[in-house]
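First the proteins, then the strands, lettered A, B, ... as listed; each starts at 1.
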Amino acid sequence: MPELPEVHGYKVYIDSTALHQTIIDMDCRDTRLLKKDLKQFEKHLQGQKLTGTQRIGKYLFIETSGEKILVLHFGMTGRPNYYKDESDRPKFGHIVLTFENGFHFAFENKRKFGWWNLIDSIEDYKKEHNLSDDARELSFDDFKKSLENRKTHIKTVLLDQSIAAGVGNWMADEILYQAKIHPQRKVEKMGSDEIEGIYNAMQKVIEVAIANDAHYADFPEDFLMHFRKEDAICHHTGAKIKKTKVGGRATYFSPDWQMK
DNA sequence: CGTTATGTTTCACT
DNA sequence: CAGTGAAACATAAC
């Protein structure tokens with residue numbers, strides 16, 4: 001689920017639920033989800049409040065009243081869940097914060113690819129992890145510049161978080177479908193008109209997805225998400241959607257619509 | 001039972 | 001050193 005638009009929704013959700021309340025407990029059922037020792041989390045979170053959030057790509061930074069910043073990454077199957085009754089704890093809520101007001105904040109993570117970390121500086125973290133500006137804020141010039149010297153397939157590059165943070169597998173397929181470019185087109189062969197087309201498609205996909213709360217069923221009818229399945233019918237050509245692998249990831253595209 | 005899944009990190013190779 | 005591609009990670013659901 002969580003690519004840029006989904007994580008944007010999680011941020012809005014957290015902003016309106018879990019902020020500004022004193023944390024009285026942290027429960028973690030699987031410490032493999034923690035990038036630091038559980039003791040560190042307890043030390044820096046207990047008695048503190050979550051005070052604000054910042055999102056870069058799929059990373060959510062949560063500022064606290066303490067000295068550390070909490071980093072959440074949802075992996076492939078994560079989402080936040082704010083609830084009151086203990087009996088409502090979600091099945092895969094592996095990490096749960098409890099607040100003074102009796103409510104709980106669960107980090108659901110079915111597949112356990114998500115994680116929490118504690119850091120001192122968002123700027124430093126961004127540099128250390130080669131994270132680009134968020135795809136929604138990224139300028140066309142910076143995008144174009146970071147594509148220089150890349151010799152691989154355009155889809156692989158779109159998935160690189162140092163290029164446009166937040167683009168994930170479904171977004172990359174959707175962007176390329178909207179831009180009419182084949183996922184295996186080589187970046188070095190692309191003209192600036194194509195790069196501009198991809199940049200514009202990226203902005204369009206982000207805005208459409210956010211406007212619809214990342215609810216795919218509500219996307220415009222010419223969006224790939226409605227027929228992103230092998231042998232489904234392309235809205236434009238009526239031909240069958242093909243499935244392949246690019247950069248190790250499942251990739252769907254419309255052969256006659258997207259030029260290689 | 002085998003396959004697949006919307007992500008990141010690590011590692012070997014060029 | 002930088003870019004690339006494959007493998008590893010963990011687990012539910014079909």
| said: Can you confirm whether more than 12 heavy atoms, excluding those of A/K11, are under 6.0 Å from its NZ atom? | reply: yes

In short, salt bridge (charged side-chain N to carboxylate O under 4.0 Å, His left out) pairs touching residues 185-208 of chain A with sequence neighbours left out are A/R136-A/E207, A/R185-A/E194

The correct set of residues in residues 144-154 of chain A placing a heavy atom under 4.0 Å from DNA chain C is A/R150, A/K151, A/T152

Practice task
Describe, in one word, how the ring planes of A/F219 and A/F223 are oriented to each other, choosing from parallel (under 30°), tilted (30 to 60°) and perpendicular (over 60°).
Solution key: perpendicular

Determine the interatomic distance between P on C/dA7 and the same-named atom on B/dT3; round to the nearest Å.
15 Å

Pairwise P distance, C/dA10 and B/dC11 [rounded to whole Å] = 15 Å

Per-nucleotide protein contact along nucleotides 9-14 of chain B, 5' to 3', at a 4.0 Å heavy-atom cut-off (B base, S sugar-phosphate only, - neither), is S-----

Atom CG of A/L34 and atom C1' of B/dT8 are separated, to the nearest Å, by 17 Å

Residue pairs meeting side chain to side chain donor-acceptor pair (under 3.5 Å), one or both in residues 145-168 of chain A, sequence neighbours left out, come to A/R150-A/D160, A/K155-A/N169, A/K155-A/D173, A/K155-A/T251, A/D160-A/S162

Applying salt bridge (Lys or Arg N to Asp or Glu O under 4.0 Å) to A/K126 and not counting sequence neighbours gives A/D133

Paired runs of 3 or more consecutive Watson-Crick or G-U pairs involving DNA chain B, with both pairing distances under 3.5 Å, are B:2-5 with C:11-14, B:7-14 with C:2-9

Each nucleotide of nucleotides 7-14 of chain C classed B (base within 4.0 Å of a protein heavy atom), S (only sugar-phosphate) or -, in 5' to 3' order, makes --BBBS--

Rounding to 0.5 Å, atoms CZ (A/R228) and OG (A/S254) come to a distance of 14.0 Å

Given B/dA5, is OP1 or OP2 found less than 4.0 Å from the side-chain N or O atoms of A/Y252?
yes

Residue set satisfying salt bridge (Lys or Arg N to Asp or Glu O under 4.0 Å) with A/K58, at least two apart, ordered chain then number -> none

Per atom distances to the A/T156 side chain, the nearest of B/dT8, C/dG5, B/dA5 is C/dG5

Students should find that the hydrophobic cluster of A/Y252, defined by side-chain heavy atoms under 4.5 Å apart, otherwise consists of A/Y177, A/L224, A/F227, A/I241, A/W257

Test side-chain contact (heavy atoms from CB on, under 4.5 Å), reference A/V157, set A/V187, A/I198, A/V167, output is A/V187

Nearest heavy-atom approach of A/G78 to A/Y10 is O-OH, 2.9 Å

Ignoring backbone atoms, test whether A/K245 places a side-chain nitrogen or oxygen under 4.0 Å from the OP1 or OP2 oxygen of B/dT4. no

For this session: Give A/G248 one of three labels, base, sugar-phosphate or nothing, depending on what nucleic acid heavy atoms sit under 4.0 Å from its own.
Result: nothing

Whole-Å distance, A/M76 CE to B/dG7 P, equals 5 Å

For a quick test of your reading: what N or O donor-acceptor pairs under 3.5 Å do the side chains of residues 230-237 of chain A make, sequence neighbours left out?
unit_1 : atom_1 : unit_2 : atom_2 : d
A/T237 : OG1    : A/A239 : N      : 3.1

Is it true that, when you exclude A/E221 itself, more than 12 heavy atoms of the residues, nucleotides or ligands shown sit nearer than 6.0 Å to its CD? no

Compute the centroid of each ring, for A/Y13 and then for A/Y82, and state whether the two points are separated by less than 6.0 Å.
no

Are more than 12 heavy atoms, taken from residues, nucleotides or ligands other than A/H129, located less than 6.0 Å from that residue's NE2 atom?
yes

Sorted by number, residues from residues 172-185 of chain A placing a heavy atom under 4.0 Å from DNA chain C are none

Item to complete: Look at the rings of A/W116 and A/F107 and say which category their plane angle falls in: under 30° parallel, 30 to 60° tilted, over 60° perpendicular.
Response: perpendicular

Sorted by chain and residue number, the salt bridge (Lys or Arg N to Asp or Glu O under 4.0 Å) partners of A/D30 (sequence neighbours excluded) come out as A/R32, A/K112

